[in-house]
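Lettering of chains follows the sequences in order, A, B, ..., and the numbering in each one begins at 1.
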2 protein chains.
Amino acid sequence: MRADAERSTARILEAAETVLADDPNASLERIGDAAGVARATVHRRFASRQALLKALSERLNDRYLAVIEQAKVETAPPVLALHRASEIVFDLKISHRFSITLASAPGREVQDGLDLLFTRLQEAGAIAPASPSWCRRVYLALMGEVYLLPDEAPELVEAGGRAGLLVKTVLGALGGR
Amino acid sequence: MRADAERSTARILEAAETVLADDPNASLERIGDAAGVARATVHRRFASRQALLKALSERLNDRYLAVIEQAKVETAPPVLALHRASEIVFDLKISHRFSITLASAPGREVQDGLDLLFTRLQEAGAIAPASPSWCRRVYLALMGEVYLLPDEAPELVEAGGRAGLLVKTVLGALGGR
DNA sequence: GGCATGTGAGACATCAATGACGCAGTTATT
DNA sequence: AATAACTGCGTCATTGATGTCTCACATGCC
């Protein structure tokens, strides 16, 4: 594969991420336009719309996996890990509307990472006992809300930034003291 | 309008609610089938797909408005009102996936009702100071999660039922003691 | 420089959803 | 019972998205 083509693929994925976030039913043509590429090229790089979506969700999954690693979910103090993970995710500027709603649930590995994180939070007494899946869902849901906050209420993100707000809110929701 | 037609309209709206919750892009034919009605009839009652969606969101809005009234948001102790409102909404068995995600944001009046509720919660010290819109979003997001919980974790809904879980979680999230 | 690969533009076939009719048969209303 | 309103079914036109293909041109690579 020529370096050229590689770049196209990347730009298409990039564009797909933002365009599909805005409208999950956007046509491949719109995605192509956003990527600065002809519709035909989208088809060349991805055999079908479905293939594109699949590649997209894999890409997102990889990124999330990297986040979990960078946040040192397994070793760092869990509250800190939660904060770092949130921070990194926000920095990715990923459109979570898509990644959470559309690209289906996070992959097994990401789920396991989150489950571990919440188990450790629980052991540390930062949250009350609860099923990891419940914790995960609350976390992701609140992340979605915090993510698209700034548009209408920048003043809310006072002290700790968006990550701070998210951590505070999640811990509260899950019964932390 | 004949009583007959009225019933059709109602059945179509009903069906649309559940079908669109499952797949927001479901065709009018699927909706018609679910309503036990021919596709043509859907078109007869609703000039266009858009018209159907509009009618649907108005219908939902009306229901929510009724909930706010029944919960005595203006007069009852706010925590109690929150609990009752949650309870009633869950009883409506409305598909919130649709009502929240698709039917756009709740109407002005519903928003105002919720804002009042959260303002009162704040005055009562049940939650920390925060913009009403933030409270609203957190509440709706968590409601969505609680709503589709039972499928995978019925044990979570212990003491106070789903409404109890929701209230506990929301108050915690918003900094209640 | 020359070859292989990638690309844009356009044409084309396909398919599903939408929306509009007409007609024959049913049902509510009076 | 007579009438007006509904409905199911089938037909048709239209539209937008998808996917495939070809051809001329460009661009990366050896």
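- Taking the nucleotide of DNA chain C with the nearest heavy atom to each of B:A40 and B:A26, the more 5' of the two is matched to B:A26.
- Taking 4.0 Å as the cutoff to heavy atoms of chain B, we find the contact window on DNA chain D bounded by D:dA4 to D:dC9.
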Between the protein and nucleotides 27-30 of chain C, which nitrogen or oxygen pairs are less than 3.5 angstrom apart?
{"from": "C:dT27", "atom 1": "O2", "to": "B:R2", "atom 2": "NH1", "distance (Å)": "2.8"}
{"from": "C:dT27", "atom 1": "O2", "to": "B:R2", "atom 2": "NH2", "distance (Å)": "3.0"}
{"from": "C:dA28", "atom 1": "O4'", "to": "B:R2", "atom 2": "NE", "distance (Å)": "3.4"}

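- Taking CH2 of A:W134 as the start and CD1 of A:I127 as the end, the distance is 12.0 Å to the nearest 0.5 Å.
- Taking a cutoff of 4.0 Å between a charged side-chain nitrogen and a carboxylate oxygen, A:E14 and A:R59 qualify as a salt bridge.
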Using distance only, find each side-chain donor-acceptor pair of residues 31-43 of chain B under 3.5 Å and give its atom names and separation, not counting sequence neighbours.
{"from": "B:R39", "atom 1": "NH1", "to": "B:H43", "atom 2": "NE2", "distance (Å)": "3.4"}
{"from": "B:T41", "atom 1": "OG1", "to": "B:R44", "atom 2": "NH1", "distance (Å)": "3.4"}

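- In this structure, the side chains of B:L121 and B:L174 stay at 4.5 Å or more apart for every pair of heavy atoms.
- Not counting sequence neighbours, the partners of B:R30 by the side-chain hydrogen bond (donor to acceptor under 3.5 Å, both in side chains) test are B:D22.
- For the pair A:L149/A:R162, no side-chain contact is recorded, criterion being any heavy-atom separation below 4.5 Å from C-beta on.
- Using a 4.5 Å heavy-atom cutoff, the side chains of A:L166 and A:Y147 are not in contact.
- Panel note: side chain B:R120, backbone B:A76; a donor-acceptor pair is recorded below 3.5 Å.
- With rounding to whole Å, B:I31 atom CD1 is found 15 Å from C:dA16 atom C1'.
- Heavy atoms from other residues, nucleotides or ligands lying under 6.0 Å from CD of B:E74 number 12 at most.
- Counting any heavy atom pair closer than 4.0 Å across all strands shown, B:G36 reaches sugar-phosphate atoms only and no base atom.
- If you take CE on B:M1 and OG1 on B:T9, they are separated by 4.5 Å, rounding to the nearest 0.5 Å.
- Axis orientation changes by 40° from one end of the helix from C:dG1-D:dC30 to C:dT30-D:dA1 to the other, with each end axis drawn from 5 pairs and the value rounded to 10°.
- Annotation for B:P78 and B:L117: closest pair O-CD1, 3.7 Å, computed over non-hydrogen atoms.
- Between atom CG of residue B:L114 and atom OG of residue B:S133 there is a gap of 11.5 Å, rounded to the nearest 0.5 Å.
- Smallest separation of non-hydrogen atoms from A:L171 and A:A126: CD2-O, 4.2 Å.
- To the nearest angstrom, P of C:dA16 lies 13 Å from CZ of B:R39.
- Interface residues of residues 41-51 of chain B facing DNA chain C, ordered by number: B:H43, B:R44, B:A47, B:S48, B:R49; criterion, heavy-atom separation under 4.0 Å.
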